[in-house]
*Asks:* 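I have a structure I would like to understand better, so I am pasting it below and will then ask my questions one at a time.
Any value given below was found using the heavy atoms of this structure, including those in side chains, with hydrogens, waters and symmetry copies removed.
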Amino acid sequence: MSDNENHAPATGAPPRKRIGSALHSGPRKKSTSSNPLVLHGRHFGRTVFALCNYPALLTSGILRLEDLEDTPIEDYPADVRREHRVFMELVDSYPGLLDRLTNGEEEDVIHVGELMGKGASGARGDDTKTLKSAVLEWLVPRGQAVIPPLARNIKSDRGFNHEITGALLCPAGLDWSNAETKQSLKSGETAVRGDQWPMFLYAGHVYDPEEPWKGLLRSEILIFGFKHVFTSPSSVEKEPKATRSGNAYLHGMKTVTAGSLAYIATQIRFALSSSSVFSRTDTVTDSENFYHSILDLLEDPEESQEVVDLMTWWTRRIFPNSSSSQRSISKNSALAKIREKRAALREQVPNSTT
């Protein structure tokens, strides 16, 4: 078929078919980095939803738009609502995309999805490759050596096979210092599911079962990983700044998103593991389940206050120059007085109409 964006739809075209589950990875294909759709897929996968079958997402989304004329989205199951939200974020983030999809042929929809999928999988592969060696620099304080040493290009001695990576990957609530626990994890007798979150997610690698939110997703190794991917590898040891060559700068990213945080956590977890190939079907790392479980928490309305605090904390550390609007206002300042006066005027308006 033609790659022309203005390719006219053929009359009498067969109805579009739903293809597979959209929010699961499709087959990985080689990236064509110069195509704008590929570039957009790279950023969207890193910041909104990483493990996604883009042709299925777009095809199902277009069909669902027609269905929503009769059935509100609230009547759909939770997984379909999430899929539709991801679809709407995707089409809203790329000008003209929705018109192209709704007016084009089914083959064009699939072609667009394949290009975006190439970008997302290509970015994931690139990050997996660079983090494999970079993560070794973040295991111990600067200037100290990892003992015994870990190879940069071979992962078989990582995971629960090494004292340091094992302690970081040990599920919160288990005691890595316990010899039986350690041996059970190392042998695989104790299988670790993706929703059993590792200690490296917690600040200082300290987990409090009475306050499970305390320090969650605020660890130094996560910050290093985020900077490495989004603001440039050279920014890890420096003050936070989105360099001109960094992914955040290139895509106008000024805040940390739930998707980007879940993505980095998943990448760091895989880099620490002994698995050599990133695969959603890998039952040992259970990466897809881990990724979804982090997103489930960050998108849970009942956890909104903790999530807002967490995202504000992250944005201030990664993009300090763009988060001023999220900082608290100084008491008795002119700005505080203006806000107080405006709030008082709003309260008076309803009262004056009664």
*Asks:* Determine yes or no for a side-chain-to-main-chain donor-acceptor pair under 3.5 angstrom, with Ser293 supplying the side chain and Phe290 the backbone.
*Replies:*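 Yes; at least one donor-acceptor contact below 3.5 Å.
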*Asks:* Can you check whether Lys132 reaches Thr128 side chain to side chain, under 4.5 Å on heavy atoms?
*Replies:*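 A side-chain contact is absent here, since even the closest heavy-atom pair is not under 4.5 Å.
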*Asks:* Evaluate the side-chain contact (heavy atoms from CB on, under 4.5 Å) criterion for residues Met116 and Phe44: first the C-alpha distance (whole Å), next the side-chain angles of each, then the deciding distance (0.1 Å), finally the verdict.
*Replies:* CA-CA 9 Å; Met116 289 190 166; Phe44 191 86; over 6 Å; no
*Asks:* If we ignore hydrogens and angles and just use 3.5 Å, is the side chain of Trp138 paired with the main-chain N or O of Ile223 as donor and acceptor?
*Replies:*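 Judged by distance alone, no pair lies under 3.5 Å.
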*Asks:* Could you report the tightest heavy-atom contact between Glu306 and Glu302, atom names first, then the distance?
*Replies:*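 That would be OE1-O, 4.5 Å.
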*Asks:* Examine distances only and state if a side-chain atom of His205 and a backbone atom of Leu168 form a donor-acceptor pair shorter than 3.5 Å.
*Replies:*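 Such a contact is absent between His205 side chain and Leu168 backbone.
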*Asks:* Is there a path of hydrophobic side-chain contacts, each under 4.5 Å between heavy atoms, that joins Ile154 and Val146?
*Replies:*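 No, Ile154 and Val146 fall in different hydrophobic clusters.
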*Asks:* In the structure I gave you, are the side-chain heavy atoms of Trp176 and Met199 within less than 4.5 Å of one another anywhere?
*Replies:*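 Not in contact.
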*Asks:* Using atom types as modelled and distance alone, determine if a side-chain donor or acceptor of Ser60 lies under 3.5 Å from a backbone N or O of Leu57.
*Replies:*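 Side chain of Ser60 to backbone of Leu57: no pair is present.
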*Asks:* Does Val308 belong to the same Ile/Leu/Val/Met/Phe/Trp/Tyr cluster as Trp313, with side-chain heavy atoms less than 4.5 Å apart forming each link?
*Replies:*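 No, Val308 and Trp313 fall in different hydrophobic clusters.
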*Asks:* Hey, is the main chain of Thr285 close enough, under 3.5 Å, to the side chain of Arg269 for a donor-acceptor pair?
*Replies:*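 Looks like yes, one N/O pair under 3.5 Å.
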*Asks:* Decide whether a cation-pi geometry holds between Lys155 and Phe270; the criteria are a distance under 6.0 Å from NZ or CZ to the six-membered ring centre and an angle within 45° of the ring axis.
*Replies:*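 Verdict for Phe270: a cation-pi partner in Lys155.
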*Asks:* Can you tell me how far apart OG1 (Thr102) and CG (Leu58) are? Round to the nearest 0.5 Å.
*Replies:*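 Result: 11.5 Å between the selected atoms.
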*Asks:* Does any part of the side chain of Ile318, heavy atoms only, come nearer than 4.5 Å to the side chain of Phe230, both counted from C-beta?
*Replies:*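 Side chain of Phe230 against side chain of Ile318, heavy atoms only: no contact under 4.5 Å found.
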*Asks:* With Ile294, which of Leu261, Leu201, Asp195 fulfils side-chain contact (heavy atoms from CB on, under 4.5 Å)?
*Replies:*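 Output: one option passes, namely Leu201.
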*Asks:* What's the separation between atom OG1 in Thr255 and atom CE in Met253, rounded to the nearest 0.5 Å?
*Replies:*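 Thr255 OG1 to Met253 CE: 6.5 Å, rounded to 0.5 Å.
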*Asks:* Check whether any side-chain heavy atom of Val307 lies under 4.5 Å from a side-chain heavy atom of Asp300, and answer yes or no.
*Replies:*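 No - every pair of side-chain heavy atoms lies 4.5 Å or more apart.
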*Asks:* Within the structure provided, determine whether Ile264 and His228 are in side-chain contact (heavy-atom separation under 4.5 Å).
*Replies:*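 Contact flag for Ile264/His228 side chains = no.
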*Asks:* Kindly give the heavy-atom pair with the smallest separation between His40 and Ser93, and that separation in Å.
*Replies:*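 Taking His40 first and Ser93 second, the nearest heavy atoms are NE2-OG, 2.8 Å.
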*Asks:* Considering non-hydrogen atoms only, spot the tightest contact between Asp127 and Val229 and give its length.
*Replies:*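 Heavy-atom minimum between the residues: OD2-CG1, 3.7 Å.
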*Asks:* With a 6.0 Å cut-off on ring centres, are Trp197 and Tyr207 close enough?
*Replies:*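 Not close enough - the centres of the two rings lie 6.0 Å or further apart.
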*Asks:* Quick check against the 3.5 Å criterion: does Asn161 have a side-chain atom that pairs as donor or acceptor with the backbone of Ser156?
*Replies:*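 Present.
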*Asks:* Looking only at heavy atoms, which two atoms of Tyr94 and Leu37 are closest? And how far apart?
*Replies:*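 For Tyr94 versus Leu37, the nearest heavy atoms are CZ-CD2, 3.5 Å.
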*Asks:* Are Val48 and Leu90 side-chain neighbours, meaning at least one heavy-atom pair lies under 4.5 Å?
*Replies:*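 Val48 does not reach Leu90 side chain to side chain.
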*Asks:* Please evaluate residues Thr266 and Tyr263 with respect to the criterion side-chain contact (heavy atoms from CB on, under 4.5 Å), reporting the C-alpha separation (whole Å), side-chain torsions for both, the decisive distance (0.1 Å), and the verdict.
*Replies:* CA-CA 5 Å; Thr266 303; Tyr263 176 79; 5.9 Å; no
*Asks:* Looking at Lys118 and Glu114, is there a salt bridge between them, counting it only when a charged N and a carboxylate O are closer than 4.0 Å?
*Replies:*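 Answer for the salt bridge query: no.
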*Asks:* Start with the C-alpha gap between Val192 and Leu185, add the side-chain angles, then the distance that decides, and say whether side-chain contact (heavy atoms from CB on, under 4.5 Å) holds.
*Replies:* CA-CA 8 Å; Val192 179; Leu185 288 169; 3.6 Å; yes
*Asks:* State whether the side chain of Gln144 and the backbone N or O of Leu139 hold a donor-acceptor pair below 3.5 Å, judged by distance alone.
*Replies:*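 Side chain of Gln144 to backbone of Leu139, a donor-acceptor pair under 3.5 Å: no, none is there.
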*Asks:* Taking side-chain contact (heavy atoms from CB on, under 4.5 Å) as the definition, give me every residue that meets it alongside Ser184, ordered by chain and number, with sequence neighbours left out.
*Replies:*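 Scan of Ser184 (side-chain contact (heavy atoms from CB on, under 4.5 Å), adjacent residues dropped) gives Glu189, Thr190.
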*Asks:* Let me confirm one number: the CG-OG1 distance from Asn53 to Thr59, rounded to the nearest 0.5 Å.
*Replies:*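 The CG atom of Asn53 sits 8.5 Å away from the OG1 atom of Thr59.
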*Asks:* Do Arg64's NZ or CZ and the ring of Phe87 fall within the cation-pi criteria of under 6.0 Å and 45°?
*Replies:*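 No cation-pi geometry.
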*Asks:* Any donor and acceptor pair, going by atom type alone, linking the side chain of Ser260 with main-chain N or O of Val256 inside 3.5 Å?
*Replies:*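 Flag not set: sc Ser260 to bb Val256 has no pair under 3.5 Å.
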*Asks:* Run the side-chain contact (heavy atoms from CB on, under 4.5 Å) check on Leu298 and Leu310 step by step: do they pass?
*Replies:* CA-CA 9 Å; Leu298 298 180; Leu310 176 66; 3.8 Å; yes
*Asks:* Looking at Asp309 and Arg218, does any basic side-chain N land under 4.0 Å from a carboxylate oxygen?
*Replies:*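 Salt bridge flag = no for Arg218 with Asp309.
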*Asks:* With a 4.5 Å heavy-atom cut-off, do Leu68 and His84 have their side chains touching?
*Replies:*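 The answer is yes, as the side chains (C-beta and beyond) meet within the 4.5 Å cut-off.
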*Asks:* Nearest 0.5 Å, please: how far is CG in Leu169 from CG in Leu174?
*Replies:*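 Between atom CG of Leu174 and atom CG of Leu169 there are 12.0 Å.
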*Asks:* Is the His111-Tyr54 ring centre distance short of 6.0 angstrom?
*Replies:*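 No: the rings miss the under 6.0 Å criterion.
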*Asks:* Tell me, do Asp126 and Arg42 make a side-chain contact under 4.5 Å, heavy atoms counted?
*Replies:*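 Answer yes - side chains close enough.
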*Asks:* How many angstroms lie between OG1 in Thr315 and NZ in Lys254, if you round to the nearest 0.5 Å?
*Replies:*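 Going from the OG1 atom of Thr315 to the NZ atom of Lys254 covers 12.5 Å.
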*Asks:* Check whether Arg158 reaches the backbone of Ala151 with its side chain - one donor and one acceptor, N or O, closer than 3.5 Å.
*Replies:*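 Confirmed, Arg158 side chain pairs with Ala151 backbone.
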*Asks:* Let me check something: do Ile268 and Val206 share a hydrophobic cluster, defined by ILVMFWY side-chain heavy atoms less than 4.5 Å apart, either directly or through other members?
*Replies:*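 Result: no, two separate clusters.
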*Asks:* Once rounded to the nearest 0.5 Å, what's the spacing between atom CZ of Phe49 and atom CG of Leu295?
*Replies:*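 Reported value, rounded in 0.5 Å steps: 6.0 Å.
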*Asks:* Tell me whether Ser304 contacts the main-chain N or O of Pro301 through its side chain, where contact means a donor paired with an acceptor under 3.5 Å.
*Replies:*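 Here the side-chain-to-backbone pair exists.
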